[in-house]
There are 2 protein chains.
Amino acid sequence: MTYSIKEVSEKTGLSIYTLRFYDKQGLLPFVARNSSGYRAFTDGDLSLIHTINCLKNTGMKIKTIRQYIDYVMQGPATIKQREAMLLAHRKTVEAQQRKIAENLQEIDYKLNVYQSPDAVATVTKEQQFVQQEKLANQLPNPYAQTILSK
Amino acid sequence: MTYSIKEVSEKTGLSIYTLRFYDKQGLLPFVARNSSGYRAFTDGDLSLIHTINCLKNTGMKIKTIRQYIDYVMQGPATIKQREAMLLAHRKTVEAQQRKIAENLQEIDYKLNVYQSPDAVATVTKEQQFVQQEKLANQLPNPYAQTILSK
DNA sequence: GCTTGCCCTAGAGTGATGTCTAGGGTTTAG
DNA sequence: CTAAACCCTAGACATCACTCTAGGGCAAGC
């Protein structure tokens, strides 16, 4: 049993264009063709495409994914190299996660300000501070309206 | 006290090019100019650039960040809108985090296979499965070497 | 045998986010 | 007063990852 590109598109959520693009980029050297030149995807192919998707979704570049796939196509001899690649990638993904978590905290801090009952007062105070700062350096007031009553 | 674009570049890690690009995109309407037309950044500006960076690093598009900054420049009247924007963004960031965590688990699963003492056996078995599958559908063997000894 | 709905390739186009270049002005130390 | 090290703009160029178009082939139902 094999799948057409349309079926694979529906199963994976990748557009037909994207699948062909990946093939052109050398990400799908394992996908065979039938007698009419149509791509014939097997279940094993789907599993590899799933792996490709994982790497892509965690920010790995297509060139790097191709390197990984090339190793896979060379068989068990390249297990060490694959391990090294995934370990390196794992580190960048973890760093990415930490960064996102940090930034999310800052966003939450902002949200807390906006959701507090004193939001208007806090924001007004910030704005006044900025205006004083600009004034002190003889720079124009960047805000639409001036709120300067100390 | 104000900062030059180079100082801000060093403080934020954003390149001078990027800072100017952001300005062109309307992200820095609050940055004033001195008598020579040079940008003069204040501490308040740095704080807003920090916020912009948080939003950017969590995947918010420049257009959307500009909308947020536009609200900020309109003063306390737009607090509700800012809150709504950050809440919506917060949801997408959380979804993003979940997706990354999922994908990382799959990568870890692969890593476990590669790091196991039976790695060669496991990988060889996978490869044999794929080859059987291709054979069963009269498709060519995608691997460099054939390992078909049942 | 003709229409419909697939499939193919090559290559052009798009959108987001920078990055750099050319050409020119400013500031400061010697 | 000049060299070095900044600053500016406009706009070209680059990169990545698609997305689409043109032109054409194949397969199944009426």
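Residue numbers start from 1 in every chain, and the chains themselves are labelled A, B, ... in the order their sequence lines are given, proteins ahead of strands. Everything numeric in this text was worked out from a predicted model, so none of it was measured.
Between the C1' atom of C:dT19 and the CD atom of B:Gln25 lies a distance of 13 Å, rounded to the nearest Å. Atom-to-atom, OH of B:Tyr38 to C1' of D:dC6 comes out at 6 Å; the value is rounded to the nearest Å. Rounded to whole Å, atom P of D:dA17 lies 13 Å from atom CG of A:Asn53. The CD1-P distance, from B:Ile5 to D:dC7, rounds to 7 Å in whole Å. Regarding B:Ile62, its CD1 atom lies at a distance of 13 Å from the C1' atom of C:dT19, rounded to whole Å. One atom, CZ of B:Arg33, and another, P of C:dG25, lie 17 Å apart when rounded to the nearest Å. Rounded to an integer number of Å, the gap from A:Tyr17 OH to C:dC8 P is 12 Å. Rounded to whole Å, atom P of C:dA16 lies 13 Å from atom CD1 of B:Ile65.
Side-chain atoms of B:Lys56 and base atoms of C:dG18 include no donor and acceptor less than 3.5 Å apart. Within 3.5 Å, no donor on the side chain of B:Lys63 pairs with an acceptor on the base of C:dG15, nor the reverse. Not a single donor-acceptor contact under 3.5 angstrom links the side-chain atoms of B:Tyr22 to the base of C:dG18.
For A:Lys110 and A:Glu106, the salt-bridge test fails: no basic side-chain N is under 4.0 Å from an acidic carboxylate O. The pair B:Lys99-B:Glu102 does not meet the salt-bridge criterion, since no charged nitrogen lies less than 4.0 angstrom from a carboxylate oxygen. Electrostatic pairing of A:Lys11 and A:Glu7 does not count as a salt bridge here, judged by no charged N lying under 4.0 Å from a carboxylate O.
Of the residues near DNA chain C, B:Thr18 and A:Glu7, the one whose nearest nucleotide (by heavy atom distance) lies more toward the 5' end is A:Glu7. Taking the nucleotide of DNA chain D with the nearest heavy atom to each of B:Gly37 and A:Met60, the more 5' of the two is matched to B:Gly37. Positionally, the nearest nucleotide of DNA chain C for A:Asp23 lies more toward the 5' end than for the other of B:Lys61 and A:Asp23.
Side-chain proximity of B:Lys24 to the nucleotides C:dT19, D:dG11, C:dC7 is greatest for D:dG11. Among the nucleotides D:dC18, C:dC8, C:dT19, the one closest to any side-chain atom of B:Phe21 is C:dT19. Counting only heavy atoms from C-beta on, B:Arg20 has its side chain closest to D:dT9 among D:dC18, D:dT9, D:dA27.
Residue B:Ser15 places none of its side-chain N or O atoms closer than 4.0 Å to OP1 or OP2 of C:dG18. One finds a side-chain N or O of A:Arg39 lying less than 4.0 angstrom from the OP1 or OP2 phosphate oxygen of C:dT9. At the phosphate of C:dC7, OP1 or OP2 sits under 4.0 Å from a side-chain N or O atom of A:Ser4.
Residue contacts shown for A:Lys6 are limited to sugar-phosphate atoms, with no base heavy atom under 4.0 Å away.
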Decide yes or no on side-chain hydrogen bond (donor to acceptor under 3.5 Å, both in side chains) for A:Tyr3 and A:Asp45, but give the supporting numbers first.
CA-CA 10 Å; A:Tyr3 309 100; A:Asp45 294 348; over 6 Å; no

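Cluster membership for B:Leu139 and A:Phe30, using ILVMFWY side-chain heavy atoms within less than 4.5 angstrom, is not shared.
Of the possible donor and acceptor atoms, one in the side chain of A:Thr78 sits under 3.5 Å from a partner among the backbone N and O of A:Tyr71.
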